[in-house]
J.: 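Supplied in structure tokens, the structure appears directly below.
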Amino acid sequence: MEVPPFPRPESPKAALALQRALAKRVVLSGSLEGKRLLAALDASHKRGKPLVAVALLYHLEKGPLFVGQARVPEEALFPYVPGLLSFREAPAYLEALKTLPEAPEVLLVDGQGIAHPRGLGIASHLGVHLDLPSVGVAKSLLFGRPEGPLPQEAGSAVRLLAPDGRPLGYAYRSRTGVKPLYVSPGHRVGLEEALAFVRRLPTRFRLPEPLRLAHIEAGRALAALD
DNA sequence: GCGACAG
DNA sequence: ATCTTGTCGC
């Protein structure tokens, strides 16, 4: 698939400016109802070793189809700064996506979509960069607060609101009793449509299967490094 | 100034 | 993200 070069900011300062510019291009409308081919993105890293990124091609009816992967030397990584995660991991994801035999219709990313201080979490950033629909599924909160208590029942969700009251996504209970996931639209998808999409992903445990499998693959690939 | 802070 | 053992609970 076509992958434009990903700019590497020379400083966190420049990264912030770039985010504010790109955030203006995020499109918060669109349905994912007809989409069946997605790429789940997750990464694993351990100090002293390269970061391993996995792009797992997954078909909603056929299941996992292919595991794409890429490694980036630790020295080449942008530092981890809350709010600037995409500058650290996106380059690796883009390389992993290049190894896929087919272009996905949607990106499912481990991280925030627009539920971000400047409206450009890694899912939104990748979506805008590739002009592809994308959804962010994070395991913890970065920005915004749940509108109210989240019921324990599997499938329940409550809106995630920005300090100014603007809806950013949802706190979502994927399975009874598990900790919530934070779902927010990345690009070219509406708030409710993003949640609807995640809701129909097969989910055996806390994480939707595509992301869980990508996570497992990234972990074993990292452990297999010498 | 203080607290929060994806992976 | 990873560092880390046992432990509580379905």
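Excluded from the calculations below are hydrogen atoms, water molecules and symmetry mates; all remaining heavy atoms, backbone and side chain alike, are included. A note on names: the letters A, B, ... follow the listed sequences, proteins ahead of strands, and every chain is numbered from 1.
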J.: Please work out which of the three classes, parallel, tilted or perpendicular, describes the rings of A:F87 and A:F78, given edges at 30° and 60°.
T.: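 The rings of A:F78 and A:F87 sit tilted, inter-plane angle from 30° to 60°.
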J.: Rounded to the nearest angstrom, tell me the gap between atom CG in A:L225 and atom C1' in C:dT2.
T.: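 My rounded result for the distance is 14 Å.
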J.: May I ask you to say what A:I122 touches in the nucleic acid, namely base, sugar-phosphate or nothing, with a heavy-atom cut-off under 4.0 Å?
T.: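 Counting heavy atoms under 4.0 Å across all strands, the contact made by A:I122 includes a base.
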J.: Yes or no on side chain to side chain contact (heavy atoms under 4.5 Å, CB included) for A:L195 and A:L191, after CA distance, side-chain angles and deciding distance?
T.: CA-CA 7 Å; A:L195 176 63; A:L191 278 283; over 6 Å; no
J.: Rounding to a whole Å, what distance do you find between A:K49:NZ and C:dA1:C1'?
T.: 13 Å
J.: Mind calculating the distance between NE2 (A:H125) and P (B:dA6) to the nearest angstrom?
T.: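 Computing the A:H125:NE2 to B:dA6:P distance gives 18 Å.
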J.: Taking atom P of C:dG9 as reference, at what distance in whole Å does atom CZ of A:R206 sit?
T.: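 To the nearest whole Å, that distance equals 20 Å.
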J.: Contact class for A:R175 (heavy atom, under 4.0 Å): base, sugar-phosphate, or nothing?
T.: nothing
J.: Please report, rounded to the nearest Å, how far the P atom of B:dC5 is from the CD atom of A:Q112.
T.: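 The distance from CD of A:Q112 to P of B:dC5 comes to 11 Å, rounded to the nearest Å.
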J.: To the nearest Å, give me how far apart CZ (A:R118) and C1' (B:dA4) are.
T.: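 Value for this atom pair: 13 Å.
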J.: Within the stacking criterion (centroid distance below 5.5 Å, interplanar angle below 30°), does A:Y80 stack on B:dG7?
T.: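 By the stated criterion, A:Y80 and B:dG7 stack.
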J.: Which nucleotide in the list B:dG7, B:dA6, C:dC3 gets nearest to the side chain of A:L142?
T.: B:dA6
J.: Which is true for A:L84 with a 4.0 Å heavy-atom rule: it touches a base, it touches only sugar-phosphate, or it touches nothing?
T.: base
J.: Taking atom C1' of C:dA1 as reference, at what distance in whole Å does atom NE2 of A:H45 sit?
T.: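 For the pair A:H45 NE2 and C:dA1 C1', the rounded distance is 7 Å.
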J.: For A:Y93 and C:dA1, what is the distance between atoms OH and P respectively, to the nearest whole Å?
T.: 9 Å
J.: With a non-hydrogen cut-off below 4.0 angstrom, is A:G83 in contact with a base, only sugar-phosphate, or nothing?
T.: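 Answer is base: heavy atoms of A:G83 come under 4.0 Å of a base.
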J.: Under 4.5 Å between any side-chain heavy atoms of A:L168 and A:S184, yes or no?
T.: no
